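Below, chain A is the first sequence line, B the second, and so on; all start at residue 1. Just so you know, these numbers come straight off a predicted model, no measurement behind them. Computation of the quantities below employed the complete heavy-atom set of this structure, encompassing side-chain atoms and omitting hydrogens, waters and symmetry-equivalent molecules.
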Protein chains: 4
Amino acid sequence: MSKIGIVTGGGDCPGLNAVIRAVAKAAHRRGWEAVGIVGGYEGLLAPQKTKALVGDTLNGLLVRGGTILGTANQGKFSAKVGHGKLRQLPTDLLEETKRGCEQLGLIGLVSIGGDGSLSIAQQMFEYGIPVVGVPKTIDNDLAATTMTFGFDSAVACATDALDRLHSTAESHQRVMVLEVMGRYAGWIGIYAGIAGGADVILIPEIRFSYGSICAKVKEREARGKMFSIVVVAEGAREAGTDFVTSGSSSEPREARLGGIGAQVTAQIQERTGKETRCVVLGHLQRGGSPTNMDRALCSIFGAKAVDLIAEKKFGQMVSYTGTGVTSVSLAEATRELRTVPLDGGFVTAARSLGICLGD
Amino acid sequence: MSKIGIVTGGGDCPGLNAVIRAVAKAAHRRGWEAVGIVGGYEGLLAPQKTKALVGDTLNGLLVRGGTILGTANQGKFSAKVGHGKLRQLPTDLLEETKRGCEQLGLIGLVSIGGDGSLSIAQQMFEYGIPVVGVPKTIDNDLAATTMTFGFDSAVACATDALDRLHSTAESHQRVMVLEVMGRYAGWIGIYAGIAGGADVILIPEIRFSYGSICAKVKEREARGKMFSIVVVAEGAREAGTDFVTSGSSSEPREARLGGIGAQVTAQIQERTGKETRCVVLGHLQRGGSPTNMDRALCSIFGAKAVDLIAEKKFGQMVSYTGTGVTSVSLAEATRELRTVPLDGGFVTAARSLGICLGD
Amino acid sequence: MSKIGIVTGGGDCPGLNAVIRAVAKAAHRRGWEAVGIVGGYEGLLAPQKTKALVGDTLNGLLVRGGTILGTANQGKFSAKVGHGKLRQLPTDLLEETKRGCEQLGLIGLVSIGGDGSLSIAQQMFEYGIPVVGVPKTIDNDLAATTMTFGFDSAVACATDALDRLHSTAESHQRVMVLEVMGRYAGWIGIYAGIAGGADVILIPEIRFSYGSICAKVKEREARGKMFSIVVVAEGAREAGTDFVTSGSSSEPREARLGGIGAQVTAQIQERTGKETRCVVLGHLQRGGSPTNMDRALCSIFGAKAVDLIAEKKFGQMVSYTGTGVTSVSLAEATRELRTVPLDGGFVTAARSLGICLGD
Amino acid sequence: MSKIGIVTGGGDCPGLNAVIRAVAKAAHRRGWEAVGIVGGYEGLLAPQKTKALVGDTLNGLLVRGGTILGTANQGKFSAKVGHGKLRQLPTDLLEETKRGCEQLGLIGLVSIGGDGSLSIAQQMFEYGIPVVGVPKTIDNDLAATTMTFGFDSAVACATDALDRLHSTAESHQRVMVLEVMGRYAGWIGIYAGIAGGADVILIPEIRFSYGSICAKVKEREARGKMFSIVVVAEGAREAGTDFVTSGSSSEPREARLGGIGAQVTAQIQERTGKETRCVVLGHLQRGGSPTNMDRALCSIFGAKAVDLIAEKKFGQMVSYTGTGVTSVSLAEATRELRTVPLDGGFVTAARSLGICLGD
């Protein structure tokens with residue numbers, strides 16, 4: 001019986017298990033076996049660590065957050081040495097990986113990951129490993145696909161948080177600041193900010209000034225709106241400051257004093273004199289059940305990945321077109337980051353709605 | 001001060017209020033006044049019925065289901081005389097409507113509606129009324145836009161219902177049938193069916209045979225899966241039967257004996273001997289708060305509609321491109337129905353996942 | 001190592017798996033083994049059908065609807081011969097059951113069930129089987145406990161449905177009727193009706209007249225409220241009609257023409273001339289994840305059941321006091337049904353709020 | 001026409017608007033007028049600030065978070081001078097308040113508040129103002145009522161957060177710490193901790209030691225469970241440290257370095273060597289729509305409050321009995337805090353389930 005493997009890399013993301021389930025179901029339909037690689041790419045190295053994806057193992061996976069395969073690893077496959085700069089894996093590691101796949105008898109490997117994991121997949125493909133990719137970036141910042149899974153779930157979490165802050169802000173006539181994910185691209189911030197009725201949205205693509213933010217708060221007050229809601233993406237920065245590039249984009253910032261959310265909060269309070277409070281959404285955005293949209297997306301991604309293997313279209317990544325699914329080469333897929341376009345629908349709409357974008 | 005009007009037509013849909021709010025906010029940002037037309041197009045006829053969209057009236061609208069403008073009417077503007085066949089409005093009615101807009105002093109009118117309401121808007125535009133459209137069809141069956149608002153909310157409702165039926169089906173080793181909306185296009189059915197892990201999905205685009213459905217139920221049983229979940233769109237039909245074309249596509253069927261869900265339920269129970277139960281989701285799909293995705297979509301649609309008025313691009317309808325927003329002519333927008341493509345991503349994915357589509 | 005068994009009986013209910021998990025965790029903490037009995041009491045008969053409750057089997061059970069032990073059976077232990085009338089089990093069946101428990105080496109058996117399953121447990125106890133009970137009735141109609149698990153989840157489902165119907169009713173100026181569970185006791189109806197802002201609530205405890213219902217609809221119309229929301233419990237009946245006693249109270253009625261919801265809908269439409277629509281919630285109420293309240297309740301119930309076994313308090317059922325947990329004898333627990341008191345807080349509050357109760 | 005007033009005091013809480021709606025509906029049913037007092041008790045002082053509670057004002061209030069009456073004030077009625085120590089209001093302020101009620105023509109005043117606001121209500125009552133109370137403490141720490149509204153909603157929020165952290169903790173093999181409200185009483189922590197499957201729960205009632213916590217984390221690791229979930233109530237303290245008494249219990253702590261959640265996080269990471277992350281739930285717990293249970297509770301509380309006024313039972317507070325509603329004197333109601341009993345159902349159940357309580 002033919003056998004395929006599935007591996008998940010990087011930070012977790014709502015819908016990973018749904019992709020795993022879809023890959024397994026699509027494999028079974030073709031009469032193939034599916035095994036999960038445990039603990040990231042390192043599970044491919046001898047002694048291989050795998051989990052059979054059969055029967056009861058798949059029960060409930062469609063709705064379950066996290067990944068049953070784990071993502072913890074020892075760092076042998078660490079790809080990033082800074083934003084946009086990726087390390088070339090040593091040949092002996094690639095050789096060892098290839099041998100691992102052969103020992104497992106895999107006719108194909110589905111790699112679910114972000115730009116780091118997928119650039120490794122690309123190197124594997126170039127080395128002769130039959131791999132296909134499924135894009136995973138909760139930040140939705142991959143240029144090669146209209147949407148990545150996990151994004152809608154993160155936006156749903158952030159929008160729900162904004163609803164909650166709205167009622168408390170209004171009751172107490174306060175400014176409430178919500179820090180959300182988005183180190184390089186502000187998709188979660190602008191999407192959730194619009195969906196959640198924010199008054200100010202700060203994203204990495206637009207440097208902000210405290211003057212603009214406070215002017216918005218004051219303008220609302222002049223109209224009798226005694227509260228304001230501010231969304232701040234992790235990567236938002238004041239005009240004139242440097243862009244921070246260290247750290248992994250897949251790890252949300254923890255609640256801490258020095259975060260941009262706390263800085264913005266302190267400045268607004270000082271400059272407007274209004275009580276201002278901050279919530280850092282942090283890891284809440286990553287966990288939990290995927291939304292129906294993400295569940296559908298994960299399912300068609302997983303099914304398509306198996307189709308790609310059946311067609312021997314290795315080195316490809318599945319991609320969403322807005323109404324269907326196609327594939328692009330991994331090389332192309334990992335080439336560039338998709339940031340929020342400044343003349344695109346969301347930024348324009350936000351301005352038309354009177355939302356302050358900090359500039 | 002310039003003034004614009006907003007009117008909602010046809011069946012209600014999650015997100016109508018969110019569009020109304022966005023239109024009003026975008027009007028206010030330009031220093032314009034916004035008034036809601038009450039009770040559909042008929043509210044434009046003398047004596048005009050309007051609702052000022054100011055201050056507290058807009059509070060909470062982003063999340064509130066239904067439409068504060070109502071959709072009940074006396075039928076003067078009834079557009080449909082059958083699926084795809086639209087009536088030409090009498091000239092005196094168009095004249096009266098135009099005069100109504102002038103009496104209200106409207107520089108533009110935003111019409112939120114489905115193909116019926118939008119084809120009326122097109123006739124109004126041709127008659128010289130400065131109207132722009134926002135597409136509203138919970139079935140997502142409008143060819144001119146990648147997505148319509150309300151659809152994601154309806155899918156969320158149906159997916160949640162599938163989750164509920166799943167647990168009861170499994171505990172009791174039953175077949176559970178869920179009837180969802182979709183008279184001419186099966187988008188809700190196939191989307192929710194995939195997201196909800198259905199075993200069988202029946203949509204209007206594919207005539208089904210009971211043999212195929214029951215074979216799937218039996219095949220699962222042979223693998224130890226003693227339960228099955230079946231999604232049936234309202235418009236699904238057995239192969240060899242005629243397609244029903246009467247009735248409005250915007251009114252979900254009520255729970256009743258003769259519905260297709262009940263028919264399928266009875267046939268499965270009779271042919272497989274398995275206990276089979278039916279739930280008709282009906283009006284639950286139309287009501288309730290919009291999802292975050294619909295809230296974002298409604299907001300950018302409303303903002304864009306006001307931009308169109310500002311640019312005097314009358315006779316246009318806002319349209320979603322998958323990543324942003326643009327506009328198309330109303331004439332083009334209402335030309336054809338978008339059904340689920342048989343070779344597209346969703347149907348292909350469903351088959352790859354081993355889901356039975358009834359054929 | 002000591003070993004205990006867990007068995008679930010009757011219709012499924014949100015939280016069954018959460019109780020199973022709690023029982024297993026509490027057993028493990030004492031160094032005991034826990035096994036699930038598969039397929040109801042019949043799983044105790046030779047050849048016994050069991051499922052080990054260890055390790056990964058327990059993952060995710062806290063939130064998962066249904067029961068991993070199944071409830072399907074062949075009817076050997078069928079207890080009910082009509083409402084309130086319970087069958088005495090034959091001695092040889094009791095003997096066989098006792099032998100089954102001994103063959104499995106059980107020092108105690110936790111039976112999770114409604115009045116039928118618990119009255120069987122009582123007979124088992126009298127026959128010498130070391131059993132304790134956990135009350136399960138989604139209708140909340142057991143006199144011996146302040147609350148049963150599954151009830152809050154069912155109410156949450158019904159309340160959410162009412163929110164959805166509210167927006168569509170208001171938009172379309174209709175009467176919307178929601179049929180909910182409650183064959184003998186109207187707890188779900190009155191609780192969800194109050195929480196969901198219903199205008200009319202019909203429960204089995206109060207015979208209704210169509211005159212009262214329609215007067216309420218008309219009175220609202222006179223105040224400019226053009227829509228009304230009606231909640232009907234399955235067991236509600238018109239004054240002067242007989243009370244239906246056949247059938248199992250644990251099986252929600254399916255959507256069908258003859259249901260009380262459909263009857264009430266037809267009568268309101270005929271008598272008031274207003275468009276009236278019906279939704280039958282049916283199996284949606286039984287399935288899905290338990291609410292946080294049910295999850296807490298299930299957990300303390302499961303923990304207490306194991307404590308009872310440790311203390312050899314057999315023949316007892318765990319019971320919620322409103323702030324904590326205690327136990328009562330099974331004999332006492334199954335003695336009487338708890339209906340909604342006519343002079344109690346909920347009925348009085350409903351009347352104070354101006355809700356029509358049909359009388 | 002008789003007229004009653006409604007005033008909300010202190011921090012906001014899910015369900016405030018639902019109580020306001022119920023009071024207004026119950027007043028209207030009696031043919032009375034209802035007015036909201038804006039901005040807390042200070043709205044009663046000349047010039048009075050009120051909001052008419054009629055017609056559209058009440059639409060949607062059942063589900064809307066926050067309070068439409070606001071709670072912001074200038075501090076004239078500040079009651080607390082420390083935990084459990086309440087200030088006596090000056091006679092001239094009481095006189096002014098009484099005159100304000102008379103000028104408004106109120107036959108009764110419903111005060112919705114926590115122990116601070118209710119102790120003021122008690123002083124008003126003693127001074128001759130016809131006031132009745134509705135208990136509001138999201139912490140559920142009022143001895144005179146089985147449950148206060150807002151608590152179930154806060155627990156739901158915390159349980160949802162635990163579900164989210166669970167999946168990310170498991171995927172990354174981490175310890176996740178969630179800080180929840182509860183300065184003096186640990187109800188939210190223990191309730192949500194049990195419902196959310198936490199491994200460690202730290203509450204103010206039980207001083208914790210890091211040794212116990214870390215032993216639990218290690219014990220799980222030894223069983224192959226590589227992650228742990230820790231719930232920390234704001235008021236939890238290490239054994240041997242002083243209890244903090246300053247500050248208001250109704251204000252959740254913001255995300256900051258010095259919070260107990262961050263301290264516990266740092267200590268666990270240092271002592272176990274495991275990656276440990278913290279989320280501070282903060283204001284998210286206060287906002288948002290009330291759960292169905294809170295909506296029902298608010299409705300019967302509001303209805304009962306109006307009944308009390310009709311019966312001239314001033315100086316009373318409505319109270320929940322577990323199955324119905326009654327009243328107690330305000331004097332008695334505010335006398336003592338209800339902390340989590342150490343021998344009660346929840347603590348015992350937590351221990352039986354193997355949850356570490358820090359001791």
Item to check | Portion of Phe301(B) that has a non-hydrogen atom of chain A nearer than 4.5 angstrom | outcome: neither
Next on the checklist: Ignoring hydrogens, what is the shortest heavy-atom contact between Asn292(B) and Ala195(A)? Give both atom names and the distance.
Outcome noted: O-CB, 3.4 Å
Checklist outcome for this item: Minimal heavy-atom distance between Gly345(B) and Val325(A), with the atoms involved, is CA-CG1, 4.0 Å
Item to check | Residue Lys312(B) excluded, over 12 heavy atoms near NZ under 6.0 Å | outcome: no
Item to check | Approximate separation, where rounding is to 0.5 Å, of Thr291(B) OG1 and Met293(A) CE | outcome: 9.5 Å
Next on the checklist: Heavy-atom pairs under 4.5 Å with chain A: which of Ala303(B), Gly322(B), Ala310(B) has the most?
Outcome noted: Ala303(B)
Checklist outcome for this item: Okay, Val63(A) and chain B: the region with an atom under 4.5 Å from a heavy atom over there is side chain
Checklist entry - What pair of heavy atoms forms the shortest contact from Arg295(A) to Asp163(B), and how long is it? => result NH2-OD1, 2.8 Å
Next on the checklist: Looking only at heavy atoms and a cut-off of under 4.5 Å, which of Ser299(B), Ala192(B), Pro341(B) has the most pairs with chain A?
Outcome noted: Ser299(B)
Next on the checklist: How about NZ on Lys225(B), more than 12 heavy atoms from neighbouring residues, nucleotides or ligands closer than 6.0 Å, or not?
Outcome noted: yes
Checklist entry - Side chain, backbone, both or neither: which part of Asp307(A) has a non-hydrogen atom closer than 4.5 Å to chain B? => result side chain
Item to check | Side chain Arg223(B), main chain Gly55(A), donor-acceptor under 3.5 Å | outcome: no
Next on the checklist: Looking at chain B, which one of Gly324(A), Ala296(A), Ser167(A) has the largest number of heavy-atom pairs inside 4.5 Å, strictly under?
Outcome noted: Ala296(A)
Checklist entry - So which part of Leu62(A) gets closer than 4.5 Å to some heavy atom of chain B, the side chain, the backbone, both or neither? => result side chain
Checklist entry - Relative to chain B, which segment of Asp160(A) carries a heavy atom at a distance below 4.5 Å: side chain, backbone, both, or neither? => result neither
Checklist entry - What pair of heavy atoms forms the shortest contact from Leu353(B) to Arg29(A), and how long is it? => result C-CD, 4.3 Å
Checklist outcome for this item: Interface check, chain A: of Thr321(B), Ile300(B), Leu297(B), most non-hydrogen pairs under 4.5 Å belong to Ile300(B)
